[in-house]
Number of protein chains: 2
Amino acid sequence: MPADRLSLIFSALADPTRRAILARLSEGEATVNELAEPFDISLPAISRHLKVLENAGLISRSRNAQWRSSKLEAGPLREATEWMEKYKRFWDASFIRLDAHLRKIQNDPEDPGAKQ
Amino acid sequence: MPADRLSLIFSALADPTRRAILARLSEGEATVNELAEPFDISLPAISRHLKVLENAGLISRSRNAQWRSSKLEAGPLREATEWMEKYKRFWDASFIRLDAHLRKIQNDPEDPGAKQ
DNA sequence: TGCATATTTAACACATCAGTTAATTAGCTG
DNA sequence: CAGCTAATTAACTGATGTGTTAAATATGCA
């Protein structure tokens, strides 16, 4: 049971339809029907995707007459990015080269540059 | 069915146990038993979490005698971060202020600052 | 070979997810 | 109010996810 925020965020992002909805919302607010238009799935399905996004805090919703407008809220994306950035040093090539260099100059036996 | 890379990555990250495993691996390679130690779940469960992480490309594995060592591979995290960064302008407050300012000085009718 | 250790696979249970269609709620308008 | 449009909820289905225990596999060693 993913009660924690990050799990909610990541699992909301794990669905391609939901990511497409977010992409659409990055161009501006939209109603449920507008959001549903590009997809080949039913309106209730879209409605539930929106609920998932809302529960994750990725969108907020407002009512205007019978239309419910969705708006992108990027705070959770920032949260998720911050979590990932703890790992940035593992994909930063310059870090890796620096690391290899430091190991080399101190003759570290685990020097990954010493691969056979 | 999340066949696309990003879906695999995000759903791998959606589980707190798997995120904890990645955190552990950021301190160095580890065997299945070592990875399982902090958790209150069975070894087969851990084994399957590792398979999910491996399928997402988040770890690689090597065999050394009867031990299978897991190693963090951060490439997918970079991919995911890059996807999220398309939304960076939505969470960057200074961008929002700049955007409002630009709209205002050019009397854009859609000026969000003109909300009632 | 035969046992011990490390890990995976099999078989199962149960919960959640993503979709459907049908019915319902909400708000506008003639 | 009746009817229209927008959207959600209900009830159901099938697939997937996460856990279990028991059995199988892989490797090293006496």
Side-chain angles (χ1 to χ4, degrees), chain A residues 1-25 28-72, chain B residues 1-22 24-25 28-72 76:
Chain A
M1 59 293 278
D4 63 292
R5 275 191 75 64
L6 272 177
S7 296
L8 281 179
I9 295 167
F10 283 128
S11 64
L13 295 177
D15 184 280
T17 301
R18 288 194 288 264
R19 290 199 306 278
I21 288 173
L22 292 180
R24 165 65 186 80
L25 290 177
E29 303 192 21
T31 66
V32 179
N33 265 295
E34 287 167 350
L35 291 172
E37 196 276 326
F39 302 103
D40 206 24
I41 61 180
S42 67
L43 219 47
I46 297 291
S47 189
R48 302 216 308 200
H49 279 307
L50 292 175
K51 178 156 291 181
V52 172
L53 290 169
E54 188 176 24
N55 285 339
L58 285 158
I59 64 171
S60 61
R61 317 182 71 184
S62 58
R63 182 188 283 290
N64 192 339
Q66 67 256 231
W67 294 276
R68 310 204 65 186
S69 177
S70 294
K71 178 171 172 254
L72 179 64
Chain B
M1 59 292 279
D4 64 291
R5 275 192 75 64
L6 272 178
S7 296
L8 281 179
I9 296 166
F10 283 129
S11 63
L13 296 177
D15 185 281
T17 301
R18 287 193 290 264
R19 290 199 305 279
I21 288 174
L22 292 180
R24 165 63 186 80
L25 290 177
E29 304 194 19
T31 66
V32 179
N33 264 296
E34 288 167 349
L35 289 171
E37 195 276 325
F39 302 104
D40 204 24
I41 61 183
S42 68
L43 220 46
I46 296 292
S47 189
R48 302 213 313 196
H49 279 306
L50 293 175
K51 178 156 290 181
V52 171
L53 291 169
E54 188 175 25
N55 286 339
L58 285 158
I59 64 171
S60 61
R61 316 182 71 186
S62 59
R63 181 189 285 287
N64 192 339
Q66 67 255 234
W67 295 274
R68 308 205 65 187
S69 175
S70 295
K71 178 171 171 254
L72 180 63

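Every chain is numbered from 1 and lettered A, B, ... according to where its sequence line falls, protein lines coming before strand lines.
Nucleotide dA18(C) holds its P atom 12 Å from the CZ atom of R19(A), rounded to whole Å. Atom pair I21(B):CD1 and dT7(C):P shows a separation of 13 Å (rounding to whole Å applied). One can place CD1 of I59(A) at 12 Å from P of dA7(D), the figure rounded to the nearest angstrom. Note: CD (E54(B)) to P (dT9(C)) measures 10 Å, nearest angstrom.
Every residue meeting the salt bridge (charged side-chain N to carboxylate O under 4.0 Å, His left out) condition with E54(A), not counting sequence neighbours, appears here in chain and number order: R61(A). Residues passing the salt bridge (charged side-chain N to carboxylate O under 4.0 Å, His left out) test with K51(B): none are found, sequence neighbours excluded. For the salt bridge (charged side-chain N to carboxylate O under 4.0 Å, His left out) test, residues two or more places apart in sequence or in another chain that qualify with R19(B) are D4(A). For S42(A), the side-chain hydrogen bond (donor to acceptor under 3.5 Å, both in side chains) criterion is met by no residue, not counting sequence neighbours.
Side-chain N/O atoms of K51(B) include none lying less than 4.0 angstrom from OP1 or OP2 on dT7(C). Between R61(B) and dA6(C), a side-chain N or O to OP1/OP2 separation shorter than 4.0 Å is absent. The phosphate of dT8(D) has OP1 or OP2 within less than 4.0 Å of a side-chain N or O from R68(A). Contact annotation: S47(B) side-chain N/O to dT8(C) OP1/OP2 distance is under 4.0 Å.
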Identify the pairs formed between an N or O of the protein and an N or O of nucleotides 19-22 of chain D at a distance under 3.5 Å, and give each distance.
{"residue": "dG19(D)", "atom": "OP2", "partner": "H49(B)", "partner atom": "NE2", "Å": "2.4"}
{"residue": "dG19(D)", "atom": "N7", "partner": "R48(B)", "partner atom": "NH2", "Å": "2.9"}
{"residue": "dG19(D)", "atom": "O6", "partner": "R48(B)", "partner atom": "NH1", "Å": "3.4"}
{"residue": "dG19(D)", "atom": "O6", "partner": "R48(B)", "partner atom": "NH2", "Å": "2.9"}
{"residue": "dT20(D)", "atom": "OP1", "partner": "S42(B)", "partner atom": "N", "Å": "3.3"}
{"residue": "dT20(D)", "atom": "OP2", "partner": "S42(B)", "partner atom": "N", "Å": "2.9"}
{"residue": "dT20(D)", "atom": "OP2", "partner": "S42(B)", "partner atom": "OG", "Å": "2.4"}

Inset, instruction - Encode nucleotides 24-30 of chain C as B, S and - characters from 5' to 3', where the letter depends on protein heavy atoms closer than 4.0 Å: B to the base, S only to sugar-phosphate, - to neither. - result: ---BS--
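Using a 4.5 Å heavy-atom cutoff, the side chains of V52(A) and L58(A) are not in contact.
Listed for the R24(B) side chain is no donor-acceptor partner under 3.5 Å among the backbone atoms of A36(B).
With dT8(D), dT7(C), dA18(C) as the choices, the nucleotide that has an atom nearest any side-chain atom of N33(B) turns out to be dT7(C).
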